[in-house]
Amino acid sequence: MIEYIKGELTDITPATAVIEARGVGYLLNISLNTYSAIQGKKEVKLYVHEAIMTGGRDDSYTLYGFYNKQERELYRMLITVSGVGSNTARMILSATSATELVNIIATGNEKALKGVKGIGLKTAQRIIVDLRDKMAASGIIADIASAEGATGGQATLNAQQTETRDEAVGALTMLGFAPAPSNKVVTEILRGNPSMPVEQVIKQALKMIK
């Protein structure tokens with residue numbers, strides 16, 4: 001069982017990070033919150049969740065990385081809910097911060113959860129019912145309040161917009177969205193907000209893509 005990976009950040013996108021530790025490069029799937037926290041850093045430490053799939057035509061072994069234990073715990077809680085898989089859980093953690101998600105669940109805000117692509121009313125209700133008491137009992141609410149610190153990205157004008165668009169569309173494609181509608185939504189966002197950081201563009205796009 002891998003608890004965390006610490007090493008040099010050799011490659012990063014809004015959806016993945018590669019950390020080299022002792023000569024081995026580990027590819028980890030990450031959320032936008034983790035992306036915001038580690039972008040620009042040379043040395044990073046990510047807490048790991050291992051997803052091992054067996055029994056099908058091809059076995060798979062996937063690593064998910066989180067900038068702190070609280071985000072990983074939220075992820076692990078989410079994937080216990082029926083109808084919420086690994087990709088959906090990561091999308092929820094990309095569309096909301098840890099604090100926002102805790103508040104959404106604690107207050108029973110179904111509408112906010114339904115704003116995440118792929119989350120219908122029944123799934124939103126199930127997440128709230130299944131996790132509200134579990135989160136309160138785990139102490140994660142207090143942990144997040146003390147541990148979470150957002151890091152905002154810097155974005156330059158014009159010349160950077162194309163790079164921001166391509167990076168955002170690439171991340172959305174990796175999350176399972178078609179390139180064409182992703183490009184359309186991202187372009188629309190950047191026209192109204194030309195200096196918006198890429199992680200914020202993706203968060204906004206997740207709420208707009210049909």
Side-chain angles (χ1 to χ4, degrees), residues 1-22 24-51 61-81 84-106 112-113 116-117 127 131 134-135 138-155 164 167-168 170-172 174-175 196-207:
M1 178 72 74
I2 300 174
E3 173 64 11
Y4 63 82
I5 296 174
K6 182 178 181 180
E8 181 184 357
L9 181 63
T10 61
D11 189 39
I12 185 172
T13 75
T16 62
V18 176
I19 300 177
E20 182 176 339
R22 297 183 180 274
V24 179
Y26 296 91
L27 174 67
L28 299 103
N29 292 281
I30 60 175
S31 71
L32 282 178
N33 292 318
T34 291
Y35 172 79
S36 297
I38 68 174
Q39 64 170 325
K41 295 183 178 181
K42 292 183 178 180
E43 297 286 328
V44 298
K45 175 182 178 180
L46 292 183
Y47 292 91
V48 174
H49 173 80
E50 301 172 81
Y61 177 58
T62 306
L63 299 179
Y64 293 85
F66 306 91
Y67 71 101
N68 62 25
K69 290 182 178 180
Q70 290 74 33
E71 189 191 26
R72 182 176 65 178
E73 186 174 355
L74 277 175
Y75 173 86
R76 286 175 169 173
M77 287 183 178
L78 284 167
I79 61 176
T80 66
V81 178
V84 178
S86 297
N87 201 48
T88 300
R90 182 169 61 146
M91 197 173 297
I92 292 171
L93 289 170
S94 292
T96 65
S97 70
T99 298
E100 289 170 341
L101 180 58
V102 166
N103 289 335
I104 286 169
I105 293 174
L113 276 177
V116 179
K117 180 68 175 179
I127 291 171
L131 300 187
K134 186 182 293 185
M135 285 196 316
S138 71
I140 192 173
I141 296 175
D143 288 344
I144 287 173
S146 62
E148 184 177 74
T151 57
Q154 297 288 331
T164 299
E167 194 170 359
L172 290 165
M174 292 183 70
L175 287 171
M196 182 179 285
V198 64
E199 66 271 18
Q200 295 298 327
V201 172
I202 298 169
K203 283 189 177 184
Q204 186 65 29
L206 287 172
K207 300 175 182 178

* Please assess Val102 against Met135 for the test side chain to side chain contact (heavy atoms under 4.5 Å, CB included), listing each intermediate value before the final yes or no. => CA-CA 8 Å; Val102 166; Met135 285 196 316; 4.1 Å; yes

* For Glu43 and Glu8, run side chain to side chain contact (heavy atoms under 4.5 Å, CB included): C-alpha distance rounded to whole Å, both residues' side-chain angles, the deciding distance at 0.1 Å, then the answer. => CA-CA 5 Å; Glu43 297 286 328; Glu8 181 184 357; 3.9 Å; yes

* Quick one: closest heavy-atom pair of Leu46 and Ala17, and the distance? =>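 Closest heavy-atom pair between Leu46 and Ala17: CD1-CB, 4.4 Å.
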
* To do: Write down the atom of Ala168, the atom of Val198, and the distance for their closest heavy-atom approach.
  =>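 Here Ala168 and Val198 meet closest at N-CG2, 3.8 Å.
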
* **side chain to side chain contact (heavy atoms under 4.5 Å, CB included) assessment of Asp11 paired with Leu27** => CA-CA 9 Å; Asp11 189 39; Leu27 174 67; over 6 Å; no

* To do: Would you mind reporting whether Ile5 and Val44 have side-chain heavy atoms less than 4.5 Å apart?
  =>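 The answer is no, as the side chains (C-beta and beyond) never meet within the 4.5 Å cut-off.
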
* Would you indicate whether the side-chain heavy atoms of Thr88 and Val116 approach each other to under 4.5 Å? =>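 Val116 does not reach Thr88 side chain to side chain.
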
* To do: Could you tell me the separation between the CD1 atom of Ile19 and the CD1 atom of Ile38, rounded to the nearest 0.5 Å?
  =>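 Ile19 CD1 to Ile38 CD1: 6.0 Å, rounded to 0.5 Å.
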
* To do: Please determine which of Ile30, Leu101, Thr34 meets the side chain to side chain contact (heavy atoms under 4.5 Å, CB included) test together with Glu71.
  =>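 In the set Ile30, Leu101, Thr34, the residue that makes a side chain to side chain contact (heavy atoms under 4.5 Å, CB included) with Glu71 is Thr34.
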
* Asked: Hey, are the side chains of Leu172 and Leu206 touching, using non-hydrogen atoms and a 4.5 Å cut-off?
  ->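 Result yes, sub-4.5 Å side-chain heavy-atom pair found.
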
* **Modelled atom types, side-chain donor and acceptor of Asn33 and Lys203, under 3.5 Å** =>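 A pair is found: one side chain offers a donor N or O, the other an acceptor, under 3.5 Å apart.
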
* **Check ion pair Glu3-Arg72 (N to O, under 4.0 angstrom)** =>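 Yes, this pair counts.
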
* **Atom pair CG/CG of Asn29 and Leu175 - distance to nearest 0.5 Å** =>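 Result: 9.0 Å between the selected atoms.
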
* Asked: Does NZ in Lys134 sit with more than 12 non-hydrogen atoms of other residues, nucleotides or ligands closer than 6.0 Å?
  ->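 Atom NZ in Lys134 is crowded, with more than 12 foreign heavy atoms closer than 6.0 Å.
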
* What's the spacing between Thr16 OG1 and Leu63 CG if we round to 0.5 Å? ->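 One finds 12.0 Å between OG1 of Thr16 and CG of Leu63.
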
* Checking side chain to side chain contact (heavy atoms under 4.5 Å, CB included) for the pair Phe66/Leu74: CA distance, chi angles, key distance, verdict? -> CA-CA 10 Å; Phe66 306 91; Leu74 277 175; over 6 Å; no

* Exercise: identify the closest heavy-atom pair between Lys6 and Ala21 ->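 Closest approach of Lys6 to Ala21, heavy atoms only: O-CB, 3.5 Å.
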
* Do Tyr26 and Val24 have side chains that get closer than 4.5 Å, going by heavy atoms? ->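 Yes - at least one pair of side-chain heavy atoms lies under 4.5 Å apart.
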
* Note, Val18 side chain near Ile12 side chain (heavy atom, < 4.5 Å) ->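 The answer is no; the side chains never approach within 4.5 Å.
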
* Say you draw a straight line from CG of Asn68 to CD of Glu73; how long is it, rounded to the nearest 0.5 Å? ->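 Between atom CG of Asn68 and atom CD of Glu73 there are 10.0 Å.
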
* May I ask you to decide if Leu32's main-chain N or O and Ser94's side chain share a donor-acceptor pair within less than 3.5 Å? =>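 Judged by distance alone, yes, a pair lies under 3.5 Å.
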
* Taking the six-membered ring where the residue is Trp, are the ring centres of His49 and Tyr75 under 6.0 Å apart? ->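 Yes, the ring of His49 comes within the 6.0 Å limit of the ring of Tyr75, centre to centre.
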
* To do: Give a yes or no on whether the backbone of Thr13 and the side-chain of Glu167 come within a donor-acceptor separation of less than 3.5 Å.
  =>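 The answer is no, because no donor-acceptor pair under 3.5 Å joins these two groups.
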
* Side chains of Ile104 and Ile127: does their closest heavy-atom pair fall under 4.5 Å? ->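 Not in contact.
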
* Starting at OG1 of Thr80, measure out to CG of Leu131 and round the result to the nearest 0.5 Å. =>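 Thr80 OG1 to Leu131 CG: 5.5 Å, rounded to 0.5 Å.
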
* Nearest non-hydrogen partners of Pro14 and Tyr35, listed with the distance ->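 Pro14 and Tyr35 have their closest heavy atoms at CA-CD1, 3.5 Å.
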
* Asked: CD/Gln39 to CD/Glu199 distance, rounded to the nearest 0.5 angstrom?
  ->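 So the CD of Gln39 and the CD of Glu199 are separated by 5.0 Å.
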
